[in-house]
S.K.: 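Attaching a single structure in structure tokens format; questions to follow.
Order of the sequence lines fixes the chain letters, A, B, ..., with proteins taken first and strands second; residue numbering starts at 1 for each chain. Because only heavy atoms are used, hydrogens play no part in the values below, and waters and symmetry mates are left out as well, while side chains stay in.
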Amino acid sequence: MICAPEHKILPVIYQKDKVKSVKKETVVASLANKLTEIVGAAFEACGLPPELGRVAVSDRQDLAQFQCNGAMAAAKQAKKNPREVAQAVIEVLQSRKEFSKIEIAGPGFINLNVTDEYLAAHLASVAGDARLGVDRTAKAETVILDYGGYNIAKPLHVGHLRSTIIGDAINKIMKTAGHKTISDVHFGDWGTQMGIVISELEIMHPEWPYFDEAFAKEYPKESPVTIADLDRIYPEASKACKENEVRLEKAKAATRALQGGHRGYRALWQHFVDVSVADVKKNLATLNVDFDLWDGEASANPSVKPIVDDLKAKKLAFESDGALVMAVAKNDDNKEMPPLILYKSDGAVMYGTTDLATIFDRMQKYKPAKIIYIVDQRQSLHFEQVFRAARISGAAPNDVELLHTGFGTMNGTDGKPFKTRAGGVMKLEDLISMGVEKARARLAEADLAQDMGAAEREDIAHKVAIAAIKFADLQNNRTADYVFDIDRMTSFEGKTGPYLLYQAVRIKSLLRKAAEQGFKPGKTFILQDADKTLALLLTELPDAFDGALRNYTPHLLCDYAYRLATAFSSFYAACHILSEADEALRASRLALCEITQRQLELVLGLLGIGVPERM
RNA sequence: GCGCCCGUAGCUCAGCUGGAUAGAGCGUUGGUUUCCGAAGCCAAAGGUCGCAGGUUCGAAUCCUGCCGGGCGCGCCA
């Protein structure tokens with residue numbers, strides 16, 4: 001059933017990636033957040049808006065640990081002197097025991113330090129929390145995540161990497177926040193590329209039973225083509241179609257027939273799907289990525305006709321230049337908004353139609369509060385059309401959020417669309433094996449690898465390669481184009497995945513040695529200067545998590561993990577830990593190490609990066 | 001033509017709802033292992049934040065205009 005449309009005035013419900021969600025989804029427990037409550041209350045006590053009492057980690061660590069800039073904003077509103085406003089606030093704060101320093105600086109910054117006792121108590125609560133301070137959302141929702149989008153009969157290439165690993169990270173982040181996520185790989189399995197391959201095979205093998213209209217028996221169970229065949233056939237056939245009008249017509253006819261239910265084509269198509277899915281699963285296994293749903297465009301096919309019939313009945317769909325379309329433009333549009341094509345003039349459907357039908361199906365089956373598409377930015381107009389069509393048709397009620405989280409085009413180091421030396425696109429498995437090969441070589445140099453078995457060494461090489469590849473990509477937030485640099489992708493030094501693994505592994509090694517010597521991490525903290533820098537950073541995890549969750553930006557977690565790793569590395573270089581003679585200090589430092597290790601592993605896990613025991 | 005995105009160090013990029021001295025990595029230069037993993041650590045050099053206005057006590061961040069680049073704009077996905 002399809003609800004009555006409201007096509008006159010369409011609310012802009014879809015959101016651009018940049019639009020920030022206003023509502024706070026998690027109750028975070030970072031130290032800055034706790035302080036925000038305290039300072040916010042102080043603002044309120046002074047008759048000022050409490051939301052101006054927001055406390056953040058200071059960007060001048062030489063001056064203070066935390067800062068609040070709200071006094072200046074409050075002064076502006078109230079037309080008062082900012083330093084006087086700040087003065088009133090800090091007089092209220094003087095009674096609080098949490099602070100060891102409260103100062104007004106510059107035009108009206110409120111600079112704050114917390115007492116060691118308060119910081120230590122906070123750390124103890126973080127250490128005692130299995131989630132390390134990351135709280136669950138108060139409002140769990142069902143969310144469908146649409147990413148991957150691999151094509152049947154086309155090999156996975158490096159261009160698929162972004163959607164896959166960003167989608168996977170967002171999935172893990174939302175799941176950890178407590179949402180019920182459903183990931184759908186949404187294969188491209190119903191468009192012209194299928195007709196291209198089918199028609200090519202018909203030309204090559206007209207004797208096959210799939211092409212025999214009179215054939216009434218069961219088709220062979222075994223696929224007549226392998227994934228390697230498909231990898232080769234598609235580019236050739238695609239080229240032929242571009243060069244030859246008649247050849248293209250054959251492909252289109254095959255597409256239409258497939259969609260229309262041609263028995264032999266459907267049987268052949270199922271073979272393509274089976275061999276392609278098997279290949280995709282193999283690739284995803286190396287990336288350690290999985291999906292809940294293995295649907296595709298074709299999955300929505302049964303819903304297409306009822307939806308289109310309904311639109312026709314409501315006079316929302318009409319013929320235009322031989323095609324059946326629906327208008328999605330609005331009066332206040334500031335750009336041309338082409339109609340959504342439901343049926344091409346040749347009678348075949350395109351991905352807009354299947355995307356619309358897919359939204360309808362998803363609403364019926366899962367009733368999600370949100371559907372998020374992690375797809376190339378260049379698809380933004382397409383999604384805008386589809387989202388509008390979903391509102392108009394009633395497929396998605398207005399309170400369901402439809403969101404396109406786009407990312408940029410992959411370019412080479414020359415700034416032009418990425419191509420291999422051979423001129424093609426690099427296959428994903430080739431990229432991964434290059435990374436693994438480099439990791440293997442690096443491991444062979446290391447003394448540590450001597451006593452490892454072959455299996456462990458392979459496992460480590462794989463983990464290092466995956467960490468390198470994923471981190472190199474995920475740390476970049478650009479919604480615009482990005483540069484694909486193979487050397488950077490498989491680099492192990494500096495701000496890289498392997499660097500993060502290295503720090504985590506070093507801590508694990510340290511903790512193992514501590515256990516051997518009977519040293520245990522303490523429950524209390526002794527915070528000398530070198531310890532304090534790391535300790536303060538360890539209170540920030542919920543902020544990083546919350547930011548990544550709200551804005552669908554895993555790179556905020558990359559940034560946190562990297563800052564944590566470098567902070568630990570400095571701490572490690574500056575402080576004695578196992579060799580520390582003072583037992584209490586040693587236990588405190590071991591506890592810092594342990595929290596760091598757990599946070600690193602948690603964050604890396606959210607990014608889809610696994611940590612080995614040694615490397 | 002219309003629309004979207006982008007322009008920050010030699011290169012690749014962070015910089016969240018405007019805040020104090022704009023940060024990383026790579027690359028360059030110099031130090032660092034008789035102590036827990038040197039895939040490390042410490043330090044130096046390197047930036048008129050594309051340009052010009054505007055709003056503001058305060059702008060890389062917000063607004064306007066320009067310049068430069070990428071992408072999209074009905075029967076591919």
S.K.: Taking any heavy-atom pair under 4.0 Å as a contact, classify A:Ile577: base, sugar-phosphate, or nothing.
M.R.: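 Since a base atom lies under 4.0 Å of A:Ile577, the category is base.
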S.K.: Heavy-atom nearest nucleotide on RNA chain B for A:Ser509 versus A:Gly106: which residue maps closer to 5'?
M.R.: A:Gly106
S.K.: Do A:Lys76 and B:rG58 have a side chain to base donor-acceptor pair shorter than 3.5 Å?
M.R.: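 Checked by distance alone, the answer is yes.
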S.K.: If each of A:Ser579 and A:Gln67 is mapped to the nucleotide of RNA chain B with the nearest heavy atom, which maps nearer the 5' terminus, i.e. the 5' end?
M.R.: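 The residue whose closest nucleotide sits nearer the 5' end is A:Gln67.
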S.K.: Could you tell me whether the side chains of A:Tyr502 and A:Ser569 share a donor-acceptor contact shorter than 3.5 Å?
M.R.: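 No - no donor-acceptor pair under 3.5 Å links their side chains.
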S.K.: Can we say A:Asp333 and A:Lys335 salt-bridge, meaning some charged N sits less than 4.0 Å from an Asp/Glu carboxylate O?
M.R.: no
S.K.: Mark this stacking check for A:Phe109 against B:rA20 as yes or no, applying ring centres under 5.5 Å and ring planes under 30°.
M.R.: yes
S.K.: Mind checking the C1' distance from B:rC26 to B:rC63? Whole angstroms is fine.
M.R.: 37 Å
S.K.: Once you round to the nearest 0.5 Å, how far does OG1 of A:Thr192 lie from CD1 of A:Ile198?
M.R.: 11.0 Å
S.K.: With the threshold set at 4.0 Å, does a side-chain nitrogen-carboxylate oxygen contact exist between A:Arg388 and A:Glu384?
M.R.: yes
S.K.: Looking across every strand, which nucleic acid part, if any, lies under 4.0 Å from A:Ser491 by heavy atom: base, sugar-phosphate, or nothing?
M.R.: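 Counting heavy atoms under 4.0 Å across all strands, no contact is made by A:Ser491.
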S.K.: Give A:Arg54 one of three labels, base, sugar-phosphate or nothing, depending on what nucleic acid heavy atoms sit under 4.0 Å from its own.
M.R.: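 Counting heavy atoms under 4.0 Å across all strands, the contact made by A:Arg54 includes a base.
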S.K.: Select base, sugar-phosphate, or nothing to describe what A:Ser345 touches, counting heavy atoms under 4.0 Å on all strands.
M.R.: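 Touches a base.
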S.K.: Applying a 4.0 Å non-hydrogen cut-off, can you work out what A:Tyr572 is touching in the nucleic acid: base, sugar-phosphate, or nothing?
M.R.: base
